[in-house]
Each structure stands twice: as structure tokens, then as C-alpha cells.
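The chains referred to below are lettered A, B, ... by the order of the sequence lines, with proteins before strands, and numbering in each begins at 1. All values below were derived from every heavy atom in this structure, side-chain atoms included, with hydrogens, water molecules and symmetry-related copies excluded.
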Amino acid sequence: MVIEEAQRSYNPLIIEKRAQEFWESRKTYQMSQKNREDGPRFSFLDGPPYCSGRIHLGTAWNKIIKDTYLRYKTMAGFNVRRQAGWDTHGLPIEHKVEGLLGLKSKKEIETKIGIENFIKKCQEFAIENQAVMTQQFKLLGVWMDWDQPYVTFDPKYMESCWWTLKRAHEKDLLVQDLRVITWCPRCETALAMAEIDYENKEDPSIYVKFPLSVSEPELSGNTSVLVWTTTPWTLPANMAICVHPDYDYAYVRDGEETYLLAEALVDSIFGEKDYEILKVVKGSQLEGLEYQHPLTQEIPVQNDFKHKILPGEHVTLTEGTGCVHTAPGHGPDDFEIGKAYGIPIFCPVDEAGLFKQEAGKYQGQFVKEADPYIIADLEIHGRLFKEGIIQHRYGFCWRCKTPIIYLATEQWFLKITQIKDQLLSELDKVEWVPSWAGESRFRNWIENARDWTISRQRYWGIPIPIWTCSDCGEMTVVGSLEELAHLSHEKLEGDVLHRPYVDQVNIPCQCGGQMQRTPDVLDVWIDSGVAGWAALYYPQEQELFEQWYPYDFITEGHDQTRGWFYSQLGCGVIALDSVPYRKVLMHGFTLDEEGKKMSKSLGNVVEPDEVVAKYGADVLRFYLLWANKPWEDLKFNWEEIKNINKMFNILWNVYVFASTYMGLDDFQPKRYNPEDVKLRDEDRWITSRVQSVSQEVTEAIEALHLHRAARSLQDFILEDLSRWYVRLIRGRTWIEKDDPDKLGAYQTLYLTLKQVVTLMAPIAPHLCEDIYQHLIRCLETDLPESVHLLDWEVDETLVDHDLEADMDVVRHIIEACARARDTARYKLRWPVQEIVIVSEDQKVLEAAQNLESVLLEQANTKKITPSQEFQDLKIIATPNMKTLGPRLRKDVPKVAAKLAEIDGKKLIDKMEADGVFMIDLDGSTVELGPGDVTMETELPDNVTNSEFPGGNVFVDTQITPEILSEAMSRELVRRIQDMRKDLDLEVEAHIQVSVDCSAEFYNLVKPFLDFISHEVRATELLFQAPDGDYTKDWKIEDHELIVGIKQLE
RNA sequence: GGGCCCGUGGCUCAGGCGGUAGAGCGCACGGCUGAUAACCGUGAGGUCCUGGGUUCGAAUCCCAGCGGGCCCA
């Protein structure tokens, strides 16, 4: 087979479509898995994306990191498990479905369409999105097991989750308790900490007077405790006021009234008012003082309670009054205080956030909407001290964005606080990249972890497998469907695990009553937390679990510290006493160009599909891995995307270059014997380089420093391969026939490109596949049919560090030559007679000698002379006026004249030998000491120099007749080439050239006629009036000529 | 309020066991011309976020502050 002609320029859309169709038709992914069936296992667990819509850039980045790493692992010989996962349950989907169906509350769900239909819709919605997102991931070239993913609504998956809860129960870690928890009044459910977003919010800020029941006689008039709150709606539930026992509290007289508040905050509240501090006491002295609720008229129930001042360690002096309004039904701290002092947990708010009957006048009002009414009532009773507005951080339901409220409710908890030590010790067994992700960040989270509220009063989720008897209170946790069938004596078939079906299954209780299921569903973080074994259907099935658990690797964004990293650790310790993962890469977030979070409301969202449509998936993949360290946030930047695209274009150009010439010459890598091929230093150099880069890339990917791998490849492709190697071998590709020298270049370039596409295949799978197919495999048909089936190999024996170092030096020298020519305005096309390389570093001189052929050609010189010094440097001694002026006076000019004639080098030698130098001056002798002359150096005419790291180059730019002759010939060649290009001739086309020029010009180029003919593929080179298809006038220096060319058949 | 990370030319980022600041892009100028809707060279451009400290010497180490991101309260 022969090389196929390459597309002119890099067209990712065609290439990627072609590659994906190829993989699809050849089932390449499946082959790559099968290929490694017997390799060592490497287990990976996909953090399941949530199926609520299209993927965004962050999701794309996440999967691209996974895909690159796993493709590499597969090529490196591992049997990699890479099942895709999908997170499908929970409020986000319920919320979207509610929107689609126009439902506004739980009541509407149950009465308007019913739970059964609602669940069905949720499932359909999840399945649709799963399909869309799968397609998007595939478009990015992500290889996973898309056909057999784990899905959290799969009944078998759900059973594993039930089993986990049963384990928690067996360990006594599953408890029901009345606690104050964060609550979404719109979704009417408990929320876990992980389900709350914090944003800025405007709220009322009011100071309320709570009158003390008994006024002390010495404080004339009424005394009120001053309390600050931003949630007036919690005032109806006020049961106590807390003060810090150690702080000082002041009685402050302001006009007719007296107020009690922390002394430290008096100034911030009374400020410029004309107030008087009557007395200061410790907080502890205030304990037990009784006060009156300010809204007893509106809320008669409040008359039945006694209200006291209580001590509270949680009270701070950062804001407010140091006297904290305490409503045990609406705050976690308040709740603890209430329990400690036996105060009733009064909570006059229902699950929808509406005031209940106990709230008296406010009954039926939504809490937040009652704020102004409550404020107004306080005002009427003269209980409002001050009113304002405050901007502060407040929690919102992560999905419906409703401000959360705190409610005292009965919920189910996992007692995380009880297993915290075990969580921490398991954490120590995990390897984190970067290390601080685990050692600092995650550890900090776990140290602060509280018990985990796992019950949700919703529909689309894994039902809590807890059955309780309403008669005797007996409770049982069911661990599987089979167990439920057994206990209920019912035949259970199909998906009976979801609501509402499972709600109808009752279990006969020993007491003779019926056990009914707790109607709650589970927090979705439990769903994904159990993925480690649920994806393997453990414990229902054992074999996969034994093979693949625990997982060698997971990677997710840093938001998953509180999410999946945590839920897996918690569930893992509960179910299996171990953390399910061994190594974690915590990656960053994608931000917009200004470093702001991408969000729909800001309109700065970049869709991955948009980038793919413009530049292709490979460019996006390479960019995302290249742009920064994986664990840092990534500022998306279109300019950089273009930059990467440019690099791909250059790689493509190298490939086009290779395929063009190799195709013309019908190059066959397997046809030649070693003796047919002549390798030059530059061939050995690029071979060494590509293996060095292979080492770097391997180390970088292994360390998950994917940016280093990408940057190393980029640097190699641009600097070494394109800018240097291709430049060095260009001359050799122009040689006719099967010249060993040309074959050496072909073979080296071929093997280098082969290694590059292998190395780059995990990052840019499509492009590498395309080049592999059309340059490599079409010539080596016995190779595996896809680049992704190759073995990852590095041949360290080909690495020659000395050669690489030498080439570095030589590149610097050649650049210096170019600079020197540039300053002398001496064209690179014109050869020079000699270049002297001067360095005190022996290694530099050796490098110049070792790679002399490269230097001669690239510096376009006839001769290279390495030297420790530049012999032709003129040294000129000039008189030092400071010393000689006073001494010699008017003889100074004569001395100066003499010095100018003398060879400076001899003067130095003499002075070094004798310590003095004598000058004859009209009979008299002048004695010059070392301080009397200063030395200057001067370059000879026609020499320019330039520095490079390690030395200097001296370029002889003198134009001899021979040089001029060659220069003119090259100038003529360039012009004829230009005309060939104007005609868009095929590279190998032969032409006839006729040149009309002066006799002088003809004589100049005469010695180079063969050279010219060869360079421009002229079968005939005639010096006569042009008679061609195409003629053009040219001026070369002072020579005017007319050139005509004609294509020959 | 707490934890973690980040803050280097106009832009994106290297460097970071302390020793005269680097690259790419962009800009300006010059060059090259069968890889050519490319490529090469040169130049301008930096209080290395701010302020303290340690040190002969700090972009680098320490402390405080400011700004950004994530997580928590």
C-alpha cells in the first residue's frame, strides 16, 4: 500500500467524524478493552454526572481528564474498568419536571397528576438527558462503557443502597430524631448541607425591645432587653434570650427608656445619641431574669410560656446586641439551648413555611411574607427600637433557589459524628493529587462534619427502607428486594422499589400490627455515595466486587469535597469499613476569561459543543489539559484555543510534508536494509529527543500532571520537530532516487511521527488516529488496526543526552549567526566564507565540531573554525590621558600615533613579560607601565559578531567572486521557485527555463547551472529570450532580467 | 467568621529547596518562501497584588492585609 495524499490543511471536523465512524464500525473501544483482558487490573469509578440537562465545560473537562488518563493506562497494558455512571434521582430533576408540568407544590403533585405519573416523568426526563449527554461525551471522543453504565434508578443499584442502610442500622448509626434542620419551604423537604447554596440576600435588620417582667427600682422606668434579628418571622417562636455569661452587659438610659445590651456594642447602636450607662453587670448575673414576649396580643399561646434570659457560649460580639433571640424551633444553636434547659421546642410553622394555628394572628401567612406585618405590630406596641435593611450571605435551596428556613422536624440521620475517627484514619490511606486536597481541605471538612440528614420528604429517589409498626413502634431496615418479599409475604416483581409501589408493601409485625414504610426517600448524595459497590451490584453479586473493589482512581472537581469524596467515604466506612478509593485527583473549575464563575445569568457560559464545532474536540481536549495545572481553576480563553489550533495545524503540516515526499518516492519503511539507509546526526538527535519526550510524558501522566505532558508535547512538536528537524532535512528530501541519505531522513521522520501519534493518542485521539491510518498503518499493515491498540513504549536506549546537549549549543550558534548576518544586512541566502566560533567552554567547541555538517548547512558557510579566541581580533592600545597627560604633555599625540601602529597583542605580551613597554620617540625613549595604556578591541572589516549562551560567533561577510556567484545563483533559484508556485505546479513537475540577462549575470551564475537546474527541476535551462507559458521581470541587486518558465509533460 | 488554593509584562501561564525575571500570544520592525491560509529573527513591554519581617541578598521563606475561586459557618 502507499501513503494516501493528505488534506491540505488541518480540518478537525472531517478528521473527527472519520475517526469516530471508524471506531464505531470497527468497535475499536471494545477491542481496546479486550486487548488488555489479561493485563493487570486498574479500576476506575466514574463520578456520575447529574442527568438534568446538557453538559457544560466543566463536565467536559472532567471527562476529558478521565479519558486521557484511562486511554494512557490502557495503552500501558492495564485492564481498565471504565463504566460510565449516571446520577438520576433527586430534587433537581423533580424540580425541572414540576416546571415542565406546571406544578407548584407537593400538594399539586399528589392531587393533580399523582406520584406514579410524576415518578414516571422524572425517569423519562433522566433517560432523555442521559442519552443527550452520552452523545455529547462521545463527541468529545470520551471512551467509556456507555452501553452498560451504572444508573442510580436501576433497581439492582437501589438494592445495594438499601443494604448500605441496613449496615448502618446494624452498626446503630441510623437514628431518627427531632432536630432543627435546613428546610426548603417550596420543595417541602429537608436539605443536607450539600444542598444549600450561599448567596447575598437583602433582609430586614431590626432591633426589638423585650421588656423585663420586673423592673429594678433603682432603674427608673421600664427596662427592655435589646435584641437584633434579620428574621422577624422567627419572633413568634421566641422562647428565650441568650447572653454570654462572661461578657459585660450595660443598662443604658436613652430618654425615658432603659435598655439592656452588651457593653461592647453600646456605642455601635446608640452612637451619637445622648445616652447614659447606668450600670454594668456580667452576663452570668442576668441569667434567669424573666421578660415578656412582645407579641402576646397577636400570639396568645405565648402567654402560656415563661421567657427567661439564659447563658449561651455561642453568643458573639461581632454584630447585634450580645443578647440573642432564641427560638428553639428555628435554629440549631437555639434548639440545643432549648433541649439543655427543658424549653418546649415551639415551632408554629408548617412544612410549606406557613404559620400554623398556634401563630395566632399570623396563621396561614408564609413566613417571609409575614415579616412586614410582624414589624408593623412591633411598632404599634412600641417594641421596635430600630429598623433597617441588611445585605448578607444567606442559604438557598440549591435547585429552586428559595431561601431556606430552619424547622424542627423528625428526620433520619446517619451518626457521622460517631465514626469521625474512623473516617479520618481511612482518609490517611488515600493518595491525593495535589496532596493538600486531602491533607488540608478534605480533612478540615471531615473534622467539622455533623450528623448526616438523609431523609427527604419527596418522591423521585431511593425510598428509605425503614418499616415501622404504628402499634408497637418496632422498626426494621430491609436490605434487599428478596428480603422485603420474604418479610411481607408478597410476591414482588418489576420495579417495585420506587414510590409509590413500595409504599404499598406492608410487613406484618410480631405484635400483630402492620409495619409501614417511612414515606421518605433518601438524600441523593447517598445514591452516589454507594456507587463503589452498587455499580457492581454488591452484595447481590460477588464476582465483580472481588475483582474491582476498591478503586484505584477517581477524579472530580473541588466542589466534590463536600459531595462525592465525602459521601463515598462515609458510606464506605459504614458499609465496608473502608474508603472506596485509593487515589484521587481533585481538579479545578472552569471559569470565564475574567475568572468569574460561568453562569447562565451572567451570560458568560461557554458550551463545549461550541468549541468543538469551531476547532474540534482534539483542540478542546489538548487545550483543557494544557492550559493549567489540573487542580487549579481554569480560565477559559478563546485566544489560547486558537493557539492550540495553530499547533495542531503545524503538526498537520509536518504530516503533510512527510506524506507528500514519502508518497512521491513511494517510501516503504519495511523495504530497506540498514545499509540502504544513511543516518545523520540530526536523525539520531530527533530520535533521541522523541524518546526523551516520551519519558517526560510518561512521568507526567503517571503523576497526573497532565499539563506537563501536554506542554512537553507542544514544545517538542513546535521547537524540535517543526522548527528544527524539518528545517534540517528539507535539503535531503529534494534528492532524487533512493538515496540512502534521503531514506535516512524519511525513515527517521516516519518513526518520529509514529512515536508522536502514539504519545499524543490519549490527548488527541482523533488526529492521532487519522495520521496513524493514513501514514503509518497503510505502510505497515501488520500493525494493530488502531493507534489506540498500540502498546505504550519508551526506548531509553535511543536517548543520547550528549547529542541533545550538543544540538542545543549548535542551535544557539546558528541563531547567533542569523543575528550577526541580520545586523550586517547580509542575507541568509548568501553563503559566507568562514564562521569562527569562540568559546572558553570546551563542550561548546566540541559540539560545534561534532555537528559541523549541521552548522555548515544552516549557517550557510564554507568553513567553521572553533577557537578559544578570535585570532583576527585587532587589539588597539590607546594612551591613558590621566597618567600620561601630566607626564608627557605635548608628546602625548606622538605616543598615541606610535601606539596605533603597534600590534596590541605584542604590546600585551611584552608588558606581561617585562612589566613595561618602551617606545622610541625621536631618539628619546618613553617607558609605559600597565596603567598607562588601555586596550580596546576592534573587529576586522567585513566581520560581524554576535553572542550566544556560552560564546561568540564571528561571521566573515566579505564577498568574494565565488561567493557572489553562488549568491546570485541562489537568488535566481528563489525567483524561479516563486514562479513555479505562481503557476501552482505539482511539486515534482519538470520545467523548461529561459533567462534573458546580461552577459555579466550569466557569467556569475555559469558555474552553478547544474545546481540551478536541479533545484528548480529544470530539464532545460536556456539563456535566451523567454519563450514560456509564463514570464516575469526581475531585478536581482543591479541586474535586470526576464525569466520564462514552461511546464514539460 | 473559619479552611484550602490562586494573584508574575496588554493576555494566558512557566519559574518558586533564596543569588541580576522566562515562554507563548498580542504589538512594532526586519527576514524567509515548494510544510506556505505557514515559518524565522529582533525589539519594546514587568514596583513578580500591597505592607511588614527573616537574610549580605526575597518573585521565592514567615506574618498581616487586599483581590479572585471553592468549601464551610
Side-chain angles (χ1 to χ4, degrees), chain A residues 6 8-10 193-194 196-198 314 316 318-319 332-333 393 395 434 436-450 557-563 565-566 586-591 593-597 623 626-629 631-644 646-647 649-661 707-708 711 714-715 718-719 721-724 726-727 729-730 733-734 814-823 825-829 946 973-989 1015-1017:
Chain A
R8 265 261 169 92
S9 60
Y10 175 58
M193 287 196 291
I196 297 161
D197 282 338
Y198 288 84
H314 62 287
T316 64
T318 49
E319 54 192 357
D333 287 330
R393 300 280 288 173
W436 51 259
E439 287 161 16
S440 306
R441 197 185 161 103
F442 194 39
R443 172 164 286 274
N444 177 260
W445 163 266
I446 292 173
E447 281 167 351
N448 293 316
R450 297 194 183 176
H558 45 51
D559 56 330
Q560 296 303 328
T561 305
R562 67 164 172 174
F565 298 152
Y566 175 66
M586 186 190 80
H587 66 75
F589 259 46
T590 48
L591 310 172
E593 304 204 359
E594 271 130 45
K596 296 262 185 293
K597 207 166 149 179
Y623 166 74
W626 164 93
N628 58 3
K629 298 171 183 121
W631 51 89
E632 285 180 4
D633 290 344
L634 184 147
K635 284 195 245 178
F636 183 83
N637 188 305
W638 282 105
E639 288 304 310
E640 302 294 323
I641 287 269
K642 280 188 204 162
N643 203 8
I644 297 301
K646 213 164 149 185
M647 179 206 109
N649 215 355
I650 291 169
L651 176 60
W652 187 261
N653 280 340
V654 173
Y655 157 59
V656 170
F657 173 81
S659 68
T660 305
Y661 289 101
H707 62 298
R708 286 202 346 237
R711 287 169 188 188
Q714 181 200 28
D715 194 56
L718 295 181
E719 291 296 329
L721 184 58
S722 168
R723 286 178 196 158
W724 202 238
V726 170
R727 177 172 154 191
I729 62 169
R730 264 163 90 167
T733 60
W734 209 232
I814 290 166
E815 277 166 22
C817 291
R819 270 196 300 277
R821 283 165 170 271
D822 197 50
T823 47
R825 305 255 154 226
Y826 192 93
K827 285 184 184 178
L828 196 58
R829 202 180 305 127
S946 177
V973 165
R974 195 194 87 55
R975 283 161 178 78
I976 298 170
Q977 298 285 36
D978 210 49
M979 291 173 70
R980 284 184 64 113
K981 215 177 110 190
D982 284 347
L983 289 184
D984 203 21
L985 295 184
E986 294 294 319
V987 173
E988 72 275 23
E1015 287 295 309
V1016 303
R1017 290 197 175 235

Requested in this report: Measure across W724(A) and I814(A) and return the closest heavy-atom pair with its distance rounded to 0.1 Å.
Outcome: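 Minimum heavy-atom contact is CH2-CD1, 3.6 Å.
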Query raised in the report: Minimum heavy-atom separation for R1017(A) to A989(A), with atom names?
Result: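 Heavy atoms only, the tightest pair is CB-O, 3.6 Å.
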Requested in this report: Quickly work out the R730(A) CZ to rA38(B) C1' distance and round it to whole Å.
Outcome: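 Computing the R730(A):CZ to rA38(B):C1' distance gives 10 Å.
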Query raised in the report: Between atom NE2 in H558(A) and atom C1' in rG69(B), what is the gap in whole Å?
Result: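 That distance rounds to 6 Å.
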Report task. Using the C1' atoms only, state how far rU54(B) lies from rA58(B), rounded to an integer number of Å. Result ->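 It comes out at 10 Å once rounded to the nearest Å.
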Report task. Taking atom P in both rG7(B) and rC62(B), compute the distance separating them and give it to the nearest angstrom. Result ->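 That atom pair is separated by 14 Å.
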Are any protein N/O atoms closer than 3.5 Å to N/O atoms in nucleotides 4-6 of chain B? If there are, list each pair with its distance.
unit_1, atom_1, unit_2, atom_2, d
rC4(B), O2, R441(A), NH1, 3.4

Report task. Please determine if a side-chain N or O atom of K981(A) lies less than 4.0 Å away from the OP1 or OP2 oxygen of rG34(B). Result ->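 No, no such contact exists.
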Query raised in the report: Reckon R974(A) has a side-chain N or O less than 4.0 Å from the OP1 or OP2 of rU33(B)?
Result: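 Yes.
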Touch class at under 4.0 angstrom, heavy-atom based, for [X] against every strand present:
X	value
K646(A)	sugar-phosphate
L718(A)	nothing
R819(A)	sugar-phosphate
Y623(A)	nothing

Report task. Report the residues that fulfil ring-ring contact (aromatic ring centres under 6.0 Å, His included) with Y566(A), sequence neighbours left out, ordered by chain and then residue number. Result ->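 Residues passing ring-ring contact (aromatic ring centres under 6.0 Å, His included) with Y566(A): W445(A), W452(A).
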With both distances kept under 3.5 Å, what pairs with [N], Watson-Crick or G-U wobble?
N	value
rU33(B)	none
rG18(B)	none
rU50(B)	rA64(B)

Requested in this report: Please determine if R974(A) and D978(A) form a salt bridge, counting it only when a charged side-chain N lies under 4.0 Å from a carboxylate O.
Outcome: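 Between D978(A) and R974(A) there is a salt bridge, with a charged N closer than 4.0 Å to a carboxylate O.
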Query raised in the report: Would you call the rings of H558(A) and F589(A) parallel, tilted or perpendicular, where under 30° means parallel and over 60° means perpendicular?
Result: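 Because their plane-to-plane angle is under 30°, the rings of H558(A) and F589(A) count as parallel.
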**Report entry** Closest nucleotide among rA35(B), rG15(B), rU33(B) to the D978(A) side chain
**Finding:**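 Ranking rA35(B), rG15(B), rU33(B) by closest atom to the D978(A) side chain puts rU33(B) first.
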Query raised in the report: What nucleotide, of rC11(B), rG24(B), rA35(B), holds the atom closest to the side chain of I650(A)?
Result: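 Per side-chain heavy atoms of I650(A), the pick is rA35(B).
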